[in-house]
Amino acid sequence: MSASDSAAAAAAAAHTDDPIALFDPRGQYLRLQADIDARVAAVLAHGAYVNGPEVGELEDALCRWTGAAACVACANGTDALVMSMLAHGIGPGDAVFVPAFTYVATAGAVRLTGATPVFCDVLEATANLDPADLDRQIARVRKAGELTPRAVLPVDLYGLPADYARIHEVVLANRLLVIADAAQSMGAARDGVPAGALARMTCVSFFPTKPLGCAGDGGAILTQDAELAQRLRVLRTHGTDASRTAVELGMNNRLDTLQAAILLAKLSHLAPERQERERLAERYDADLAEIVDPAPRDSGCDSAWALYTIRSGRRDAIQRSLSDRRIAAAVYYTVPVHLHPAYRAFGNGPGSLPVSERLAERVLSLPLTAEMTQVQADRVVQAVRDALSG
Ligand SMILES: Cc1ncc(COP(=O)(O)O)c(C=O)c1O
């Protein structure tokens with residue numbers, strides 16, 4: 001072996017030990033650094049750190065991107081959900097239907113309004129809200145007669161849009177409001193309609209690891225109702241209107257100008273980054289579908305690919321094998337929301353939502369970033385295969 005061959009072999013060996021992250025916001029920053037730094041420098045120079053021009057510019061850009069009529073940027077995805085419900089007067093005595101297999105924030109937002117979360121099961125194939133179970137839960141609540149059914153919050157889990165057509169059918173018959181929890185699905189589409197225009201109201205999170213993430217907390221509400229957007233702007237700013245008169249109780253729920261500027265820099269990369277993750281997802285599908293259940297898909301859907309989540313009865317062995325090779329993987333979510341201590345009182349305990357409970361035992365999210373190399377993807381596939389070959 002020549003000296004240059006052995007140097008190359010050493011470099012390759014070192015490479016095979018490098019950690020692989022589940023998310024890589026820093027790597028993304030380094031790739032987009034020129035755009036982001038220019039945007040950030042502009043804000044620092046103009047000095048309008050709150051309610052600066054970039055906030056409105058971002059809201060307009062997100063409307064163009066999604067086809068929503070109006071956009072109201074806010075402090076985070078949870079507050080987007082809270083404000084959307086408050087704007088409809090949802091509160092104590094109201095029932096809001098949520099999937100049990102989601103991040104706790106979906107149900108937490110309902111509790112923050114004083115309303116009661118009613119947990120529904122999800123579909124095994126997509127891990128998203130099961131419209132038939134939604135129908136059953138609405139009927140159960142109506143029969144009990146203690147709460148008024150008001151809204152449903154479908155979640156686009158892992159970036160895959162929920163089945164809004166079937167959910168709207170159920171909801172129309174029951175006259176409920178649909179507020180999409182699209183925290184994980186910016187960049188996704190269903191039948192060509194982008195997430196953000198699949199429901200009358202859509203709430204987005206810009207948490208750093210989301211498909212469109214800022215450098216801190218951020219969120220937005222997209223809506224087809226411009227009048228409602230006006231009300232949301234009042235709620236966002238201490239309940240004050242354009243003349244600074246407090247017309248109702250509100251909160252401080254603004255998106256920082258710096259975060260808006262960072263999001264503007266990233267927005268133009270959202271589509272190519274999604275495509276990059278989809279390419280990787282297809283690669284995982286091809287290499288893993290025979291040994292695990294691959295990531296959920298649904299017909300007519302372009303997932304945002306926030307996460308690539310496999311299902312396997314040997315999930316823990318796979319995670320150990322990945323961890324031994326310094327490859328990050330995580331379980332979203334280890335416990336369905338109705339079994340968390342803070343939400344047990346609102347559910348019917350273990351066994352009541354079997355699909356959500358089974359998924360919690362089987363899911364594992366693998367690294368899927370636009371920064372990943374072919375070599376890294378090979379290592380992920382090999383670690384999964386090795387875990388299952390023994
Ligand atoms: C499904 C879902 N809903 C709501 C939220 C809350 O968003 P944020 O963290 O921006 O408040 C998240 C964020 O993790 C989420 O994944």
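For ligands, and for the atoms within them, numbers begin at 1 and follow the listed sequence.
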Ligand 1 contact on D79 by region, counting heavy-atom pairs under 4.0 Å: neither
Winner among S205, A105, A75 once heavy atoms are compared against atom 10 (O) of ligand 1: S205
Those atoms of ligand 1 less than 4.0 Å from some heavy atom in T102: 1 (C)
Plane angle bin for W305 and Y308 - parallel if under 30°, tilted between 30 and 60°, otherwise perpendicular: parallel
Identity and distance of the protein heavy atom lying nearest atom 15 (C) of ligand 1: A183 CB, 3.5 Å
Any side-chain donor near an acceptor of the partner, Q382 and D378, under 3.5 Å: no
Identity and separation of the nearest protein heavy atom to atom 16 (O) of ligand 1: Q184 NE2, 2.9 Å
For K210, atoms of ligand 1 separated by under 4.0 Å from a heavy atom: 12 (C), 13 (C), 14 (O), 15 (C), 16 (O)
Atoms of ligand 1 close to N76 [distance to a heavy atom under 4.0 angstrom, numbered from 1]: 10 (O), 11 (O)
Residue-ligand contact V155/ligand 1, heavy atom below 4.0 Å: yes
Whether over 12 other heavy atoms sit under 6.0 Å from R26 CZ: no
Structural part of T78 in contact with ligand 1, heavy atom criterion under 4.0 angstrom: both
Heteroatom distance test (D217, ligand 1): nitrogen or oxygen, under 3.5 angstrom: no
Test item: side-chain donor near acceptor, H269 and Q28, under 3.5 Å: no
N or O pair under 3.5 Å between G77 and ligand 1: yes
Distance-only donor-acceptor check, side chains Q137 and R140, under 3.5 Å: yes
Verdict with supporting geometry, R236 and E59, salt bridge (Lys or Arg N to Asp or Glu O under 4.0 Å): CA-CA 14 Å; R236 174 176 73 172; E59 291 175 339; 2.9 Å; yes
Pair S243, D241: side-chain N/O donor-acceptor within cut-off below 3.5 Å: yes
Under 3.5 Å side-chain donor-acceptor pair for S356 and D121: yes
Any N or O of D181 closer than 3.5 Å to N or O of ligand 1: yes
